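Count residues from 1 along the sequence. The model shown is predicted, which means the values in this text are computed figures rather than measured ones.
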Amino acid sequence: MIWELEKYGENIALLDDKGRFMTYRQLSEEGEQLAESIHSGSAGENRCLAFCFCRNCLESVLGYTAMIEHGVVPALLSAQMDESLIRQLLQIYQPSYLWLPEELEVRFYEEAFPEGEEVYEYGDYRLLRMKERNEIGMYEKLALLLTTSGSTGSPKFVRQSYENILDNARSIACYLELDETERPVTTLPMNYTYGLSIINSHLLVGATVLLTEKGMMQKEFWNFMKEEKATSFGGVPYTYEMLDKLRFERMDLPHLRTMTQAGGKLLPSLHEKFARYAIENGKHFVVMYGQCEATARMAYLPYEKSLEKYGSMGIAIPGGHFSLIDVDGKVITEPEVTGELIYEGKNVTLGYACDRADLLKGDERHGRLETGDMAKRDEDGYYYIVGRKKRFLKIYGNRVNLDEMDRMVKEAFPGLECASAGKDDHLIVFVTDDAKKEEILHYVSEKTGLNPKAFSVKKIPEIPKNDAGKIQYKELENYYDSGRDS
């Protein structure tokens with residue numbers, strides 16, 4: 001068990017923007033019914049895999065908590081994911097159950113799985129048991145699968161254990177000083193590791209999670225936030241860029257206590273601005289650092305230091321430890337020296353899964369994670385991210401794997417020579433033939449579900465390669481600022 005749902009009894013656990021709610025007791029009891037529907041139809045094997053198609057709604061959280069509490073392993077996916085990508089994942093992982101909105105049930109029930117069987121429902125969600133399911137053993141400590149590559153439909157998942165989830169939730173609740181009086185409002189998808197960590201840590205302490213799919217650019221979001229007296233929200237860098245444009249500092253939000261930020265490095269100027277706002281208005285602004293591979297959070301900047309150390313990602317969370325290593329793998333002890341950031345803690349996940357057979361794997365990381373981020377440490381022990389080693393970007397808080405992007409585009413446009421690169425919040429697909437630029441732009445936006453403004457397609461004379469035929473991505477940086485073609 002992760003949460004002690006019965007402990008908080010009649011406390012309201014979930015409240016949505018339609019006025020619907022569930023107490024902790026109801027969440028526990030309804031979860032038992034959902035789990036019993038799964039266990040009774042699992043051919044004697046309770047440890048089965050389910051795809052949970054997520055929205056920020058009561059039904060999604062119910063499905064997730066029920067499965068985690070009762071030994072079913074959910075893979076959390078966006079309910080807005082492209083259908084062809086969903087089908088690809090279904091083929092690779094062959095889940096026994098789907099927990100999904102009614103409109104998705106109709107699509108997959110009739111078209112893909114005509115022999116499927118509906119066994120449980122709550123609200124507008126349905127539990128669909130797959131007739132052709134492949135129930136095999138799974139590692140006993142495996143609790144959850146989260147996607148690593150945003151919306152690109154990669155078959156690679158992070159394998160999280162029960163200990164990972166509980167340890168990280170406890171740590172977050174500790175450094176944010178959470179209790180049952182908290183009322184966080186959702187601003188991030190729950191299938192995204194940051195958004196999920198907010199739900200995990202608040203349910204752990206008996207708080208009320210305010211659920212909405214409305215965005216911060218919508219009046220309805222702010223009405224809901226004010227009416228339900230939200231005490232906190234979280235955001236990625238893009239969120240705070242939008243808040244700055246909305247002149248957030250002028251809003252009257254007397255019940256707001258805490259603002260958190262993760263999902264990429266915030267511009268130092270915005271970090272300073274929001275830190276100053278928080279201090280002047282008696283609120284807490286907490287910048288954090290994390291990865292799905294560490295369940296969620298690895299570092300936080302204490303709110304008391306938010307202005308003094310603006311630009312920093314902070315210090316390791318309670319129970320965690322950081323170190324820096326040089327190119328030879330030696331530990332760096334001097335301040336202000338850049339090296340690869342290494343994290344150690346109980347929240348370091350088990351490893352990856354790329355297909356169904358990988359669900360049998362045990363702990364491959366043993367509590368140590370090479371983050372792939374380059375960082376330095378100041379004389380006071382605070383860390384600053386200075387760059388990345390790995391080929392991925394953060395697009396509006398969504399991690400997009402550039403290799404996966406190249407694969408998708410090349411599969412959709414056979415014969416096309418392309419290479420993806422760019423900077424956070426803007427990805428560029430470089431091509432040598434501009435005949436299909438608009439089609440590529442539309443395709444990338446549609447497949448990822450992200451705003452077209454986050455992408456551009458640029459024609460260049462040739463894709464730079466070395467003698468072995470490997471693409472030289474560093475050389476693509478010469479084309480970044482030469483004007484956008486699309």
(request) Go through Arg183 and Glu228 one step at a time and tell me if the salt bridge (charged side-chain N to carboxylate O under 4.0 Å, His left out) criterion holds. (result) CA-CA 8 Å; Arg183 297 172 69 84; Glu228 297 303 335; 3.2 Å; yes
(request) Run the numbers on Leu210 and Thr212 for side-chain contact (heavy atoms from CB on, under 4.5 Å), then give the verdict. (result) CA-CA 7 Å; Leu210 305 177; Thr212 180; over 6 Å; no
(message) Could you go through Val400 and Met405, starting from their C-alpha distance and side-chain angles, then the distance that decides it, and tell me whether this counts as side-chain contact (heavy atoms from CB on, under 4.5 Å)?
(response) CA-CA 8 Å; Val400 176; Met405 182 62 66; 3.7 Å; yes
(request) Please assess Tyr122 against Glu30 for the test side-chain contact (heavy atoms from CB on, under 4.5 Å), listing each intermediate value before the final yes or no. (result) CA-CA 9 Å; Tyr122 184 88; Glu30 199 66 44; 3.6 Å; yes
(message) Pair His202, Ser232 - check side-chain contact (heavy atoms from CB on, under 4.5 Å), show working.
(response) CA-CA 11 Å; His202 284 85; Ser232 68; 4.2 Å; yes
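A side-chain donor-acceptor contact under 3.5 Å links His39 to the backbone of His70. Between the side chain of Asp406 and the backbone N or O of Ser420, at least one donor-acceptor pair lies under 3.5 Å. Proximity of a side-chain donor or acceptor of Ser445 to a complementary backbone N or O of Leu450 within less than 3.5 Å is detected. Here the side chain of Asp363 pairs a donor or acceptor atom with the backbone of His366 at under 3.5 angstrom. Between the side chain of Asn168 and the backbone N or O of Ala296 there is at least one donor-acceptor pair closer than 3.5 Å. In this structure, the side chain of Gln291 engages the main chain of Thr371 through a donor-acceptor pair within 3.5 Å. A donor-acceptor contact shorter than 3.5 Å links the side chain of Asn347 to the backbone of Ala294. Without hydrogens or angle criteria, Tyr125 side chain to Ser60 main chain gives no donor-acceptor distance under 3.5 Å. When atom types are taken as modelled, the side chain of Ser171 and the backbone of Pro318 share a donor-acceptor pair closer than 3.5 angstrom. The backbone N or O of Tyr383 lies less than 3.5 Å from a partner atom in the side chain of Ser312, making a donor-acceptor pair.
Below 30°, between 30° and 60°, or above 60°: for Phe413 and Tyr443 the angle between ring planes is above 60°, a perpendicular geometry. Ring geometry for Tyr93 versus Phe157: interplanar angle over 60°, hence perpendicular rather than tilted (30 to 60°).
Residue Phe21 qualifies as open at atom CZ: its count of foreign heavy atoms under 6.0 Å is 12 or below. Within 6.0 Å of CD on Glu411 lie more than 12 heavy atoms contributed by other residues, nucleotides or ligands. Within a 6.0 Å radius of CD in Glu4, no more than 12 heavy atoms belonging to other residues, nucleotides or ligands are found.
Side-chain atoms of Thr231 and Glu182 form a donor-acceptor pair, as typed in the model, at a separation below 3.5 Å. For the residue pair Asn164 and Thr349, no side-chain donor N or O sits within less than 3.5 Å of a side-chain acceptor on the partner. Under 3.5 Å, the side chains of Thr147 and Tyr192 contain no donor-acceptor pair of N or O atoms. Counting only N and O atoms by type, the side chains of Tyr352 and Glu293 include a donor and acceptor under 3.5 Å apart.
In this structure, the side chains of Cys57 and Leu211 stay at 4.5 Å or more apart for every pair of heavy atoms. You'll find the side chain of Arg55 stays beyond 4.5 Å of the side chain of Asn191, heavy atoms only. Taking 4.5 Å as the limit, every side-chain heavy atom of Arg87 sits out of range of all side-chain heavy atoms of Leu89. Looking only at side-chain heavy atoms (C-beta outward), Tyr97 and Val119 come within less than 4.5 Å of each other.
With respect to Asp326 and Lys330, no salt bridge is recorded, no charged nitrogen being found less than 4.0 Å from a carboxylate O. Salt-bridge check for Arg126 with Glu59: failed, with every basic side-chain N at 4.0 Å or more from each acidic carboxylate O. Comment: Lys156 does not engage Glu404 in a salt bridge, judged by the lack of any side-chain N to carboxylate O separation of less than 4.0 angstrom. Salt bridge absent: Asp424 and Lys394 never bring a charged side-chain N and a carboxylate O closer than 4.0 Å. Comment: Arg170 does not engage Asp167 in a salt bridge, judged by the lack of any side-chain N to carboxylate O separation of less than 4.0 angstrom.
The distance between the ring centers of Trp3 and Tyr64 falls below 6.0 angstrom. Annotation: Trp99 is not in aromatic contact with Phe53 [ring centroid separation under 6.0 Å not met].
Annotation: cation-pi geometry not satisfied between Arg129 and Tyr120 (NZ/CZ under 6.0 angstrom from ring centroid, within 45° of ring axis).
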Quick one: side chains of residues 138-146, donor-acceptor pairs under 3.5 Å with protein atoms, not counting sequence neighbours, listed by atom name and distance.
none

